[in-house]
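Lettering follows sequence order; numbering is per chain, from 1. Both backbone and side-chain heavy atoms feed into the values below; hydrogens, waters and symmetry mates do not.
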Amino acid sequence: MASTRNNILKVIEEVKLLSPSAVRLLAVASKKDHDLKDIVRVIKHDAALTAKTLQLVNSAAFSLQSKISDLERAIAYSGENFLLSLVMTEAADMIYDCDLAGYDGHKGGLWDHNLLTALAAKRIAELSKEPVNTNVAYTCGLLHDLGKAIISDFLKGSLTQLLASLEKGEMPDYAGAEEKILGIDHTQAGYALACHWNLPEPLASAMRYHHEPAKAPKKYRSLVYAVHLGDMVAMMTGRDTGADAMRYQLDDHYIDFIKITENDLAQIILDTDSDFRTLKESMDEQPGI
Amino acid sequence: MAVILIHPKTRVVGMVHIALPESTINPAKAQDKPGYFADTGIPALIREMMALGCSGGPKQMVAKIAGGAKIMDPHNIFNIGTRNVLAIKKILWKYGVSPRTEDIGGTMSRTVTVSARNGRVILSSPGKEEWRL
């Protein structure tokens with residue numbers, strides 16, 4: 001088991017690094033008080049990203065009357081979240097293309113799950129008792145489960161044993177069962193990847209603690225609770241990653257951090273489903289995504 | 001959650017995928033996509049099936065339900081799966097129908113496949129063999 005853990009950590013060390021622009025963009029986007037100008041500043045120094053952004057905004061999905069050639073207008077028009085989704089898909093395509101075979105998942109499932117979590121986390125963050133930047137919650141959601149892509153191959157062949165162990169009640173949740181088999185779970189693998197990629201602290205915290213939000217550093221706890229609940233919404237609505245769906249515990253202390261009612265949740269489910277379909281439709285029109 | 005209705009006489013089979021118990025949260029959405037809610041989805045399914053010639057009304061139909069995975073939430077906010085099950089059973093009961101078979105609750109996601117040829121309902125879940133409802 002210790003050797004499997006070491007092998008997984010070795011795989012993480014060999015994961016292709018994100019482009020410098022992607023790292024800078026994520027660093028800017030994870031700051032509480034960032035604005036659109038900060039995003040523009042990063043994108044304009046990267047010719048490929050500038051071209052991609054303009055191509056995106058001028059695509060059929062946005063149905064513009066006349067073409068936009070100014071980067072700032074293009075970013076304002078497409079919205080920061082759309083841009084982050086685009087950059088992350090391209091930056092980590094190797095991981096997003098993973099078929100999650102170890103979870104009996106399917107290709108694209110991880111991307112869909114992370115995207116729905118991001119959209120839900122953003123809306124849930126609006127209900128946080130302490131102010132949380134909703135765009136940061138979105139970015140955290142987009143990345144939160146990347147550790148699954150890392151450990152998926154190592155879980156192949158263990159699924160029956162893992163599910164049996166859960167059904168016997170030997171483990172509290174799927175992450176516990178992953179750790180029992182591999183010596184590391186997807187949140188720990190995600191955190192190691194966040195360190196390898198030099199991701200900012202709020203993002204790394206969400207990757208590590210989205211199933212144990214009470215353990216997140218105090219200053220990011222509300223943010224991580226938003227991601228925790230966003231993850232639940234994604235699973236409840238069927239945008240899951242395979243065999244682990246619904247096999248995690250809800251931390252019921254969410255009520256101390258997020259002021260949410262039954263009706264709020266129903267509306268969030270409706271709105272995120274609609275946001276998800278719109279975003280997917282627009283991204284699917286982009287060549288190479 | 002999936003509600004499957006089968007009319008044995010005409011061999012008409014219908015299914016609706018319900019996400020939320022009540023449409024009062026968003027009547028406009030319910031107008032556009034009635035299947036999203038239990039209180040509009042089941043009546044819409046019955047209407048469609050009757051329009052296809054399912055005579056004798058809903059009492060002549062066989063109902064099967066699947067899904068509704070549980071989330072333990074002492075605050076009763078996130079346990080939508082349980083609320084969906086209750087809403088679906090209540091509405092079916094109003095039509096005088098009780099599910100002949102059901103596979104509900106638990107902590108797993110389910111995918112439902114219905115054969116329009118023979119009315120068989122097959123369930124699957126990642127990591128498990130398929131089973132018949």
Exercise. Under 6.0 Å between the ring centres of H228(A) and H210(A)?
Worked result: no

For this session: Carefully, step by step, assess M236(A) and L265(A) under the rule side chain to side chain contact (heavy atoms under 4.5 Å, CB included).
Result: CA-CA 11 Å; M236(A) 284 161 64; L265(A) 178 63; 4.2 Å; yes

Exercise. Going from CG on D231(A) to NE2 on H211(A), what distance comes out if it is rounded to the nearest 0.5 angstrom?
Worked result: 5.0 Å

Exercise. What residue in N263(A), L159(A), L270(A) has the most heavy-atom pairs under 4.5 Å with chain B?
Worked result: L270(A)

For this session: Write out, in numerical order, the residues from residues 244-253 of chain A with a heavy atom short of 4.5 Å from a heavy atom in chain B.
Result: A245(A), M246(A), R247(A), L250(A), D252(A)

Exercise. Heavy atoms under 4.5 Å from chain A: which residues of residues 54-72 of chain B carry them?
Worked result: A69(B), K70(B), I71(B), M72(B)

Exercise. Of the listed residues (T261(A), D273(A), D264(A)), which shares the most heavy-atom pairs with chain B below a 4.5 Å separation?
Worked result: D273(A)

Exercise. Ring centres of H144(A) and H113(A) under 6.0 Å apart?
Worked result: yes

Exercise. Among residues 74-85 of chain B, which ones touch chain A with a heavy-atom distance under 4.5 Å?
Worked result: P74(B), H75(B), N76(B), I77(B), F78(B), I80(B), R83(B)

For this session: Hey, could you give me the CG/CZ distance between L52(B) and R47(B), rounded to the nearest 0.5 Å?
Result: 13.0 Å

Problem set entry | Residues from residues 160-174 of chain A approaching chain B under 4.5 Å (heavy atoms) | L163(A), E167(A)

Exercise. If we ignore angles and hydrogens, is there a donor and acceptor under 3.5 Å between the side chains of T187(A) and R208(A)?
Worked result: yes

Exercise. So what's closer than 4.5 Å to chain A heavy atoms on I25(B): side chain, backbone, both or neither?
Worked result: both

